[in-house]
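Data block below; observations after.
In this text, all values refer to a predicted model and were calculated from it rather than measured experimentally. Starting from 1, each residue takes its place in the sequence as its number.
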Amino acid sequence: MAGIDTIGKTTYVANQNYNGVKIDIHNPVVNVPQGNGVTQPPVRIYKYQEAQIPAEYYPQMINTNKTTVKNLPLPAPKPAAELPESVLKEKVTVPVPSPVYIEQTPAKAANIAAPENTVKEEIVTPEAQQNTTNALQKTDIHEDVDVKKIEDPDETKQKHISKVEIVPPGDTSPVIDYIKITENLDSPNYDVQALQMKEIVDAGLTNNPDKIKPYLVEPIFHSVIDIVNKDSSNLAAPTEAQNQIRTKIIENMIAYEKQKQSGVADDKIVLPNNITEEDKNYANTLTPLELAERNKEYGITTLAILAKAFLARTEQETGTVLAITDVPGLSAIVNSLKSNNPTIKLNAIDALIVIQRAEYARELTPIYEALIKTDPNESVRMAAQYALEGLNAKIAQPQQEYNNAA
């Protein structure tokens with residue numbers, strides 16, 4: 001698959017405005033052909049044996065030559081009156097020097113030139129303060145006395161100041177878990193598949209390339225293509241009872257709408273069929289065949305969103321339009337036109353409309369023309385005609401622009 005970010009399907013971990021596409025998870029309705037087929041390991045906690053610390057590792061804690069020390073009795077304290085008089089009267093005061101800030105004068109700065117308009121403040125360490133105080137006590141200080149600054153050892157070392165660099169914002173694409181996404185797409189639960197595809201479609205419909213970009217990886221394409229290509233011929237189809245109840249439900253809906261348009265009040269409307277809630281629930285339960293066909297429709301839509309974003313990305317990065325044979329997922333979409341389910345065919349035509357460009361006219365035109373001439377479903381023929389007209393408009397647009405420029 002040309003140009004797609006390749007991530008191993010078992011080793012990777014993560015980081016278009018198509019308004020005609022909508023996935024309805026909660027109320028799916030599918031037109032399905034009838035068929036007769038029926039169809040963490042325990043956590044081990046390793047507890048290592050605690051070894052005793054050898055005595056030689058801490059000899060300072062072991063005293064082999066023990067001696068007995070006799071505790072001599074302490075002398076009884078004497079009263080204060082018997083202490084020497086000097087102890088009682090003499091008071092010793094230790095002066096605490098105040099902080100000293102020494103500023104070198106220009107004349108005594110040892111020819112060190114300082115920048116203009118700068119104030120240089122030197123802070124002396126406590127040891128230096130004490131030494132300076134002692135020196136001042138022995139010397140008469142005058143204004144021209146040169147007092148040398150005791151340098152801090154740290155000040156003699158060249159300090160490396162780290163440069164603050166403002167890094168521009170990088171890729172703002174959301175980080176996604178590729179493993180979890182592909183697991184959902186490969187899940188045997190059709191609803192899990194559908195909800196995951198809905199997440200991808202919602203990201204594509206934001207019209208923000210950064211939202212859909214993280215999904216443009218090969219494993220996700222492969223998983224969605226597998227959903228579209230799934231062989232559903234052997235899956236269980238709706239039963240005859242389900243089909244009968246569904247037919248009655250449709251008849252009731254038609255009768256209700258007719259009477260409602262005639263002005264009949266709701267409490268006066270009479271339905272032709274009496275259907276219990278149990279029968280309604282049974283009729284509305286989708287069979288495996290219906291669920292697989294529904295997800296094929298969702299998968300076709302998802303492929304259209306992914307393929308369109310992939311085409312835009314490659315054109316932006318390379319400046320060229322990707323060949324139609326290199327569009328990921330396109331063959332799965334085209335093969336869906338062979339389905340007996342007209343709804344799937346309509347979804348496939350919609351997907352081609354999303355992807356088609358003037359450069360793809362040679363390949364897509366014969367497909368549309370064949371559907372217009374041979375498909376038994378009128379809706380499919382009309383959709384193919386609409387797609388062909390849109391493609392012809394794209395072809396004519398560059399020619400019209402050329403004529404206007406000339």
Side-chain angles (χ1 to χ4, degrees), residues 1-7 9 16 18 20-23 30-33 178 181-188 190 192-194 196-201 203-204 212 215-235 289-314 322-357 359-360 362-368 370-371 375 380 383-384 387 391:
M1 192 174 296
I4 300 178
D5 298 339
T6 303
I7 300 177
K9 201 162 186 179
Q16 58 257 8
Y18 185 43
V21 178
K22 182 179 181 182
I23 292 181
V30 182
N31 184 5
V32 183
Y178 296 99
I181 291 173
T182 53
E183 286 178 351
N184 291 341
L185 294 173
D186 298 337
S187 172
Y190 293 105
V192 172
Q193 292 181 3
Q196 185 59 70
M197 287 186 287
K198 182 179 184 299
E199 174 188 310
I200 298 173
V201 171
I212 191 63
Y215 298 95
L216 303 181
V217 292
E218 188 172 348
I220 293 181
F221 273 99
H222 281 315
S223 295
V224 179
I225 290 172
D226 290 342
I227 293 175
V228 175
N229 290 336
K230 181 178 179 61
D231 182 10
S232 57
S233 59
N234 294 326
L235 298 178
L289 174 62
E290 293 173 305
L291 291 171
E293 296 287 289
R294 178 200 68 181
N295 281 13
K296 284 185 181 182
E297 299 174 25
Y298 295 172
I300 292 170
T301 299
T302 306
L303 281 180
I305 296 293
L306 291 173
K308 181 177 181 180
F310 181 73
L311 286 171
R313 176 184 172 187
T314 54
L322 196 67
I324 190 171
T325 53
D326 293 332
V327 178
L330 183 63
S331 60
I333 295 174
V334 174
N335 289 335
S336 299
L337 295 171
K338 302 176 183 179
S339 173
N340 294 325
N341 186 346
T343 306
I344 290 182
K345 288 184 178 181
L346 291 173
N347 272 49
I349 295 173
D350 286 344
L352 293 178
I353 292 174
V354 172
I355 300 171
Q356 70 183 10
R357 338 170 41 108
E359 294 84 354
Y360 301 158
R362 187 183 67 176
E363 293 82 7
L364 295 181
T365 299
I367 296 175
Y368 296 148
L371 291 172
D375 197 272
V380 173
L391 180 59

- Message: Within the structure provided, determine whether Asn335 and Lys338 are in side-chain contact (heavy-atom separation under 4.5 Å).
- Response: yes
- Query: Quick check: does any side chain N or O of Lys296 sit under 3.5 Å from a backbone N or O of Lys230, one acting as donor and the other as acceptor?
  - Reply: yes
- Which value, rounded to the nearest 0.5 Å, describes the distance between Leu337 atom CG and Leu346 atom CG? 10.0 Å
- Under 3.5 Å, is there a donor-acceptor pair linking the side chains of Asn341 and Ser339? no
- Note on the structure: Rounding to 0.5 Å, atoms CD1 (Ile200) and CD (Gln196) come to a distance of 5.5 Å
- Query: Considering residues at least two apart in sequence or located in another chain, which fulfil the side chain to side chain contact (heavy atoms under 4.5 Å, CB included) criterion with Asp375?
  - Reply: Lys345, Leu371, Asn377, Val380, Arg381
- Residue list, side chain to side chain contact (heavy atoms under 4.5 Å, CB included) with Ala387, at least two apart or on another chain: Ile349, Ile353, Tyr368
- Message: With rounding to the nearest 0.5 angstrom, report the CG to NE2 distance, Asn229 to His222.
- Response: 12.0 Å
- Do Leu289 and Glu293 touch side chain to side chain, with heavy atoms closer than 4.5 Å? yes
- Enter the distance from Ile355:CD1 to Tyr360:OH here, rounded to the nearest 0.5 Å. 8.5 Å
- Message: My understanding is that only residues two or more places apart in sequence, or in another chain, count here; which of them pass side chain to side chain contact (heavy atoms under 4.5 Å, CB included) with Thr365?
- Response: Ala361, Glu369, Leu388, Leu391
- Note on the structure: Output for pair (Glu297 CD, Ile344 CD1), nearest 0.5 Å, gives 5.5 Å
- Can you name the residues that form a side chain to side chain contact (heavy atoms under 4.5 Å, CB included) with Ala323, not counting sequence neighbours? Thr325, Asp326
- Message: Let me confirm one number: the OG1-CG distance from Thr301 to Leu306, rounded to the nearest 0.5 Å.
- Response: 11.0 Å
- Side-chain heavy-atom pair Thr302, Ile227 within 4.5 angstrom cut-off: no
- Message: Restricting to side-chain hydrogen bond (donor to acceptor under 3.5 Å, both in side chains), what partner residues turn up for Gln193, sequence neighbours left out?
- Response: Asn295
- Between Tyr190 and Arg294, what is the shortest heavy-atom contact and its length? O-NH2, 3.4 Å
- For Ala304 and Val354, the nearest pair of non-hydrogen atoms, with its separation, is O-CG1, 4.1 Å
- Message: Restricting to non-hydrogen atoms, name the atom on Ser223 and the atom on Asp186 that form the minimum distance, rounded to 0.1 Å.
- Response: OG-OD1, 3.2 Å
- Item | Side chain to side chain, Leu352 and Val334, heavy atoms closer than 4.5 Å | yes
- Note on the structure: Closest non-hydrogen atoms of Leu303 and Gly329, given as atom of the first, atom of the second and distance, are CD1-O, 3.8 Å
- When every non-hydrogen atom of Leu216 is compared with those of Phe221, the smallest separation belongs to CA-CE1, 4.0 Å
- Minimum-distance pair of heavy atoms, taken over all atoms of Gly299 and Val224: O-CG1, 3.5 Å
- Below 4.5 Å, heavy atoms only, C-beta onward: do Pro328 and Phe310 meet side chain to side chain? yes
- Query: Tell me, do Glu359 and Ile324 make a side-chain contact under 4.5 Å, heavy atoms counted?
  - Reply: no
- Item | Pairing residues for Glu363 by the side-chain hydrogen bond (donor to acceptor under 3.5 Å, both in side chains) criterion, not counting sequence neighbours | none
